[in-house]
Amino acid sequence: MRYELLIDGQLNPGGGSIEVIDPASGEVFEHCARALPEHLDLAVAAASRAFASWSQEPLAARQALLTAIAEVIENNVQPLANLLTREQGKPLADSVWEVNGAAYIFRYYAGVDIPVQVLEDSPQRRVEQHQMPLGVVGAILPWNFPLFMAAAKIAPTLLAGNTLILKPAPSTPLTTLHLGALIKDLVPPGVLNLIADFNDLGPLITAHPGIRKIGFTGSTQTGLKVMGSVVPTLKRLTLELGGNDAGIVLEDCDPKVVAAKLFKAAFTNNGQICVALKRLYVPDALYEAVCEAMVEIAEATVVGPGVEPDSQLGPIQNQAQYERVLSLIDSASQQGKIIAGGNALERPGYFVRPTLIRDIGNGSPLVDEEQFGPVLPIIRYSTIEQAVAWANDTSFGLGNSVWSDDADRAYGVAQQLDSGTVWINQHGDVGPNVPFGGAKMSGLGVEYAAEGLAELTQLKIINRAKH
Ligand code: NAD
């Protein structure tokens with residue numbers, strides 16, 4: 001199997017190749033085509049040409065393409081999931097979930113309408129609000145959910161009548177390129193272009209004069225560069241950035257019951273989720289019991305290659321992130337106490353046991369920064385005012401959660417938390433019918449729902465006098 005770029009409806013070998021590493025071994029297991037700046041230019045030119053006709057297609061035709069893509073994904077769940085596990089590391093069951101999730105996103109958007117709204121229809125005037133396509137869109141992705149994130153960019157962008165250049169993360173290009181090969185004959189040439197890079201084309205995409213809008217998902221640090229880069233061409237911009245989500249447990253929780261849910265919220269996908277639970281605040285009364293219950297789960301968790309059916313957590317996705325997580329654990333071990341994990345597995349690959357650190361607080365890098373890995377600080381609090389202040393004491397604002405059976409009390413705490421989403425008795429539940437975006441430095445704008453679609457369109461008002 002060759003993994004090639006998709007440009008102007010054709011598979012393209014690019015200009016060189018990228019080595020793709022299996023994080024379960026640390027060894028190169030596959031190669032894919034590498035795009036050079038000239039391939040980006042070709043892709044933008046193709047997308048500009050395609051825009052002229054694609055933007056004029058009736059909505060029903062655009063919806064039909066999304067349905068057809070969903071069908072292709074549904075007919076290829078196992079091969080796509082196998083590939084995803086090899087390049088990303090996650091257990092096969094999680095990859096199957098992600099591939100099905102990608103198909104669901106296409107199906108969802110295939111049912112979305114973009115209606116003309118009549119704002120006023122009076123004896124004086126009729127005012128209509130139209131959502132027009134923007135033009136060529138550039139999308140840049142991270143490595144934690146390669147296929148799901150690609151779907152979340154492709155489906156609404158094409159539905160809105162735009163054409164797209166999409167770039168996966170350099171360490172997880174294969175599933176995206178494979179999808180391109182599977183659907184290339186369904187998609188009109190130039191409507192969807194897929195390019196893989198060596199972490200060098202991002203700035204050229206964001207600065208490209210032929211691109212009207214950037215949808216970026218990645219770290220806050222890179223998001224800041226993207227924001228600077230779009231200024232000269234006044235591109236539209238949506239940024240989905242990092243998070244440092246807090247979970248606040250209230251005293252009435254059953255420690256064992258809540259611990260199981262908290263563990264899942266923090267460690268699914270090895271904690272490599274923008275909305276993973278990344279700091280846990282537990283009241284004095286429950287602190288020992290919650291720590292104990294969490295340790296029990298952590299110790300029972302099977303860590304191993306994603307292709308092995310027993311594995312519940314796979315390796316960390318790449319070496320740089322693996323080293324960062326180990327260094328955060330090392331510094332946290334001097335400020336708090338490791339009560340589970342704390343070590344890498346003695347085998348090749350980027351495996352770290354799920355790690356819990358107690359008796360630690362705000363001011364430690366593990367608490368203040370985004371770890372994006374399988375390590376969770378558990379922080380003790382005495383008053384809810386203190387817990388809320390600590391939770392909000394961050395430049396991030398993606399999500400937070402409150403855990404309690406007392407619905408009114410939980411709701412009261414949720415209202416005080418400063419983030420784009422606050423969950424109650426769950427964490428990380430997102431879906432295409434609910435707007436999703438970050439407060440503070442976790443993002444700019446939103447994705448999903450009508451609000452997300454609005455960011456992929458240009459408002460046009462038609463205002464007709466009737467007198
Ligand atoms: P990253 O910022 O390092 O890279 C993301 C993408 O940006 C990659 O494709 C990379 O090649 C590209 N890039 C690098 N430099 C660039 C530049 N100067 N200009 C334009 N593009 C550039 O992030 P990552 O390590 O791949 O992903 C992890 C981060 O993503 C975490 O912070 C996580 O919280 C965040 N994330 C956020 C969301 C969300 O929806 N808010 C979702 C998933 C991940």
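Computed from a prediction, not measured in an experiment: that's the story for all the values here. Note: hydrogens, waters and symmetry copies are ignored here, and every other heavy atom, side chains too, is used. Nothing fancy with the numbering, it's 1 onward along the sequence. First listed ligand is number 1; within each ligand, the first listed atom is number 1.
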Polar-atom distance check: [X] versus ligand 1, any N or O pair below 3.5 Å?
X    : answer
K278 : no
K167 : yes
W143 : yes

Side-chain donor or acceptor of S442 paired with backbone N/O of L241 under 3.5 Å: no
Among non-hydrogen protein atoms, atom 3 (O) of ligand 1 lies closest to T222 OG1, 3.8 Å
So which protein heavy atom does atom 41 (N) of ligand 1 come closest to, and at what separation? L241 O, 2.7 Å
Tell me, please, which residues at least two apart from Y104 pass side chain to side chain contact (heavy atoms under 4.5 Å, CB included). Y108, P432
What do we get for [X] next to ligand 1 when only non-hydrogen atoms under 4.0 Å count, side chain, backbone, both or neither?
X    : answer
E370 : side chain
S229 : neither
F372 : side chain
Q272 : neither
N144 : side chain
T220 : neither

Contact between ligand 1 and G443 is defined here as a heavy atom of the residue under 4.0 Å from a ligand atom; is it met? no
Are N244 and T394 close enough that a side-chain donor and a side-chain acceptor fall under 3.5 Å? no
Looking at F145, I'd like to know if the NZ or CZ of K90 sits under 6.0 Å from its six-membered ring centre while staying within 45 degrees of the ring's axis. yes
Is it true that E369 and R324 have a side-chain N and a carboxylate O under 4.0 angstrom from each other? yes
For atom 9 (O) of ligand 1, state whether the nearest protein heavy atom is under 4.0 Å away. yes
